[in-house]
Amino acid sequence: MAKRREEEHRIDNEEVARVLDEIGDLLEILGESSFRVGAYHKAAMNIRSMPRSIRDVYESGELQKIPGVGAHLAERIGILITTGKLPYLEDLKKKVPPSLTELMSIPGLGGKKAKKLYDELNVTSIAELKRAIEKHELRDLPGMGAKTEENIIRGIRQLEQLSARTLLFQALPISEEIVNQLRARPFVKRVDAAGSLRRLKETVGDIDLLCSSAEPRKVMDYFTSLPQVAYTIARGDKKSTIVVTSGYQIDLRVVAPEEFGAALQYFTGSKSHNIHVREIAKKHGLKINEYGVFKVDTNERVAGATEDEVYGYLGLDTPPPVLREDRGEIEAAAEHRLPRLIELSDVKGDLQMHTNATDGVDKLEAMIEMARSLGYSYICITDHAERLYVAGGLTEKELREEYERIDRLNESYDGFTILKGIELNIDNDGDVDYPDSFLAEMDVVIGSIHAGFNQPKSQLTGRMVKAMENPHIDIIAHPTGRVLGKRPAYDIDLPTVFKVAAETGTVLELNSFPDRLDLRDDYLMDAKFNYGCRFAINTDAHNVNHLRYMRYGVATAQRGWLERKDVVNTHPLKQMLMMLK
DNA sequence: GCCGTTTTCGGCCCGACTGTTTTCAGTCG
């Protein structure tokens, strides 16, 4: 049976992407051409964000239709899918210790330094690197010095802090798949994700699932024999833990149906929310735990089957899980004034995306087609402006040509509009790529900081303020520049930014890319409630599938208490344009 | 390693920044 399972080992898109990324990293360490290295990473990116399963694509013989996958990669992916192994990768691992790729995840350390550390000091892991730095062995190597040691140490610290959690967009599909599988079983009454996943936090720890059933044993038999199980860590009647093939650990708790609401409330958290709720219960002579609501004096159980029952018994409306951070939602629930949060279906259009005219993957027409299939009534094409050379930024002439194409395409649609936009680069002086006269012709102008992340606070803030004071710049994209797991936000004076944004009518972006989600939830709350800012939720898509990331932006918006009216791209086209400068 | 309304070969990924350096290599976006 175990052998059978191994043969059927399901390789998913994430696993294929990970293998390709690993090959790319190993090739980089081996000093291979950067184009070859890039080809592997590019294919990995496209496979990772593709909704269709890679196995499916393979079986239809359409691997080479994936952008960035040619004959060579298609063959290797095919071998990986059919055998679960890839001899090419094994060969690479013989040439260079595979753990060296771990070193490359340290910011500031790339393939060359990793190779040098291995060749000169025989360092193969982050732990060994730490020891070498403690002994000050690095500073004697050519091209490295005391400062290098310092930077690497800081990089390691950053990495440790950032990568302890998983991005929501990686965990959510895994959890949803298993929840749906469980939900389809007759012996499962209710099942839901709990914890930070249910609160749609941008990163989550473990995946916690909760289920109610009269037949826990059957549930656990089913759960521990799911096809995606790599191995089972624990198996009991109340709680089991599995590790799935993609590496994530998943806990499932089974409770009695009458306890489900209390357990769901308890395991959803957050901790601070629950503490506050329990304080309220105490004042009412009640106590709450994962089994229900009880009267303290008689120990009589008075509620617990549903969350509504639990909150209702305390005189509270049920706060949506996304708000349960003890940031005012309990007071609002008590006064029956919980906000009506923005929903994905409220979004009418997407105002930031790139095409293959610059660093995007797909054609303008393909982006349009996908946007229409998502039910949008408008989109804005915001390819990169001239001075972002790396992304192939467009000259004024090239951009005008793109706009002419857009004009022609617009003639062929009823009730769907393609807006002419740009993503400008805010330079070190706060100036941008094109003259004002050209900006004035565009529908939507976005300004972004793409360089100089390490400048002092005053300079960064000054650049952004100057950009917001530009009468043509409508939106500031990814305002803090953070990338989850990769780099922290740059040091910018947010109160000033929010104040000037509100004064100048500049819209702040909530970037939906799963590792950006920038502005993050607490900043959204601050900007909304204390400064009266307005927002745009955009995907910053670089291929058609990225357009689906809108759900993660909306999730963060909900966590930031945003309502439909706060977000410009929930409004019909004309109104939306009037809300811009 | 991918890609093609000039090309099945030769472009593609260029420039800023940092830290190490006396003129440049490595990293990153």
Side-chain angles (χ1 to χ4, degrees), chain A residues 19-21 23-47 63-77 88-89 92 103-117 119-120 138-155 158 354 356-363 365 384-395 401 405 423 425-429 433 448-456 459-460 477-478 481-483 485-488 490 513 515-516 540 542-543:
Chain A
V19 167
L20 296 178
D21 276 330
I23 293 174
D25 286 346
L26 291 171
L27 291 174
E28 189 177 345
I29 292 169
L30 288 166
E32 277 285 347
S33 139
S34 59
F35 302 110
R36 206 170 155 220
V37 170
Y40 277 92
H41 291 305
K42 190 174 172 187
M45 179 187 90
N46 288 327
I47 289 167
L63 283 177
Q64 288 195 55
K65 287 193 180 166
I66 301 170
V69 176
H72 225 106
L73 280 181
E75 191 195 334
R76 293 203 166 135
I77 293 169
Y88 178 62
L89 176 60
L92 287 178
L103 299 183
M104 291 172 63
S105 60
I106 300 168
L109 210 163
K112 296 276 163 55
K113 276 188 196 152
K115 184 78 178 355
K116 186 178 276 181
L117 290 169
D119 288 342
E120 305 290 332
L138 264 63
R139 57 182 64 178
D140 298 331
L141 296 181
M144 300 198 194
K147 206 66 185 254
T148 314
E149 290 183 344
E150 209 175 288
N151 285 342
I152 290 177
I153 281 292
R154 198 175 44 223
Q158 202 177 316
H354 303 266
N356 63 354
T358 56
D359 62 348
V361 171
D362 289 308
K363 286 183 184 161
E365 289 80 0
H384 284 289
E386 191 160 8
R387 287 190 211 146
L388 200 67
Y389 307 102
V390 272
L394 303 177
T395 62
E401 283 164 10
R405 275 178 72 202
E423 183 179 4
N425 306 291
I426 302 170
D427 73 13
N428 286 339
D429 301 317
D433 309 63
S448 302
I449 286 184
H450 284 129
F453 296 150
N454 293 322
Q455 288 167 359
Q459 188 178 2
L460 273 159
H478 38 74
R482 71 151 178 194
V483 179
K486 293 205 188 87
R487 68 165 191 243
Y490 38 68
F513 232 76
D515 59 0
R516 281 191 182 267
D540 200 355
H542 283 66
N543 68 35

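Everything quoted here is computed from the prediction, not taken from an experiment. To find a chain, count down the sequence lines: A is the first, B the second, and so on, and within it residues start at 1.
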Have a look at [X] and say if it touches a base, only the backbone sugar-phosphate, or nothing, with a 4.0 Å heavy-atom cut-off.
X	result
Val69(A)	sugar-phosphate
Ala74(A)	nothing
Gly38(A)	nothing
Asn428(A)	sugar-phosphate
Leu388(A)	nothing

Atom [atom1] of [X] and atom [atom2] of [N]: how far apart are they, to the nearest Å?
X	N	atom1	atom2	answer
His450(A)	dT27(B)	NE2	P	23 Å
His384(A)	dG29(B)	NE2	C1'	10 Å
Met144(A)	dG26(B)	CE	P	9 Å
Ile106(A)	dG26(B)	CD1	P	17 Å
Arg387(A)	dC17(B)	CZ	P	13 Å
Leu138(A)	dT18(B)	CG	P	20 Å
Ile77(A)	dG1(B)	CD1	C1'	12 Å
Arg405(A)	dT5(B)	CZ	C1'	12 Å

Using the [atom1] atom as the point on both nucleotides, what is the distance between [M] and [N], in whole Å?
N	M	atom1	value
dC12(B)	dT5(B)	P	16 Å
dT8(B)	dC14(B)	P	22 Å
dC13(B)	dT20(B)	C1'	23 Å
dG10(B)	dA16(B)	C1'	27 Å
dT21(B)	dT27(B)	P	15 Å
dT7(B)	dG1(B)	P	26 Å

[X] side chain: which of [options] is closest?
X	options	result
Asn454(A)	dC13(B), dT18(B), dG1(B)	dT18(B)
Lys147(A)	dG1(B), dG26(B), dT20(B)	dT20(B)
Tyr88(A)	dG1(B), dT20(B), dT18(B)	dG1(B)
Leu73(A)	dG26(B), dC13(B), dC2(B)	dC2(B)
Lys112(A)	dG26(B), dG1(B), dG19(B)	dG26(B)
Asn151(A)	dT18(B), dC12(B), dT27(B)	dT18(B)

_Once rounded to the nearest 0.5 Å, what's the spacing between atom OG1 of Thr395(A) and atom CG of Asp433(A)?_
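Spacing of OG1 (Thr395(A)) from CG (Asp433(A)) equals 11.0 Å.
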Distance, nearest 0.5 Å, that separates CG of Leu63(A) from CD1 of Ile47(A):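 Nearest 0.5 Å value for the CG-CD1 distance: 7.5 Å.
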_Is there a side-chain contact between Thr148(A) and the phosphate of dT20(B), meaning an N or O under 4.0 Å from OP1 or OP2?_
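Answer is yes, contact under 4.0 Å.
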Q) Taking OP1 and OP2 of dG1(B), is either one under 4.0 Å from a side-chain nitrogen or oxygen of Arg76(A)? A)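 Affirmative; the distance criterion is met.
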Look through every strand shown and name the nucleotide pairing with dC24(B) as Watson-Crick or G-U wobble, where both distances are under 3.5 Å.
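Because both required distances fall under 3.5 Å, dC24(B) counts as paired with dG19(B).
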| request: State whether the side chain of Ser448(A) and the backbone N or O of His450(A) hold a donor-acceptor pair below 3.5 Å, judged by distance alone. | output: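 Pair absent, no side-chain N/O of Ser448(A) close to backbone of His450(A).
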Check: Backbone N or O of Arg516(A) within a donor-acceptor pair of the Arg482(A) side chain at under 3.5 Å?
Finding: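 Yes: the side chain of Arg482(A) pairs with the backbone of Arg516(A).
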| field | Evaluation steps, side chain to side chain contact (heavy atoms under 4.5 Å, CB included), between Met45(A) and Asn543(A) | value | CA-CA 10 Å; Met45(A) 179 187 90; Asn543(A) 68 35; 4.2 Å; yes
| said: Quick one, Leu73(A) and Tyr40(A) - any side-chain contact, counting heavy atoms below 4.5 Å? | reply: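 The answer is yes; the side chains approach within 4.5 Å.
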Practice item. Give the ring-plane orientation class for His354(A) versus His384(A), where under 30° counts as parallel, over 60° as perpendicular and anything between as tilted. Key: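 Because their plane-to-plane angle is under 30°, the rings of His354(A) and His384(A) count as parallel.
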message: With nearest nucleotide decided by heavy atoms, which residue, Ala114(A) or Ala39(A), maps closer to the 5′ end of DNA chain B?
response: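 The 5'-side residue here is Ala39(A).
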Starting at the 5' end of DNA chain B, which residue's closest nucleotide do you reach first, Gly68(A) or Lys116(A)?
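Here Gly68(A) is the residue nearer the 5' end.
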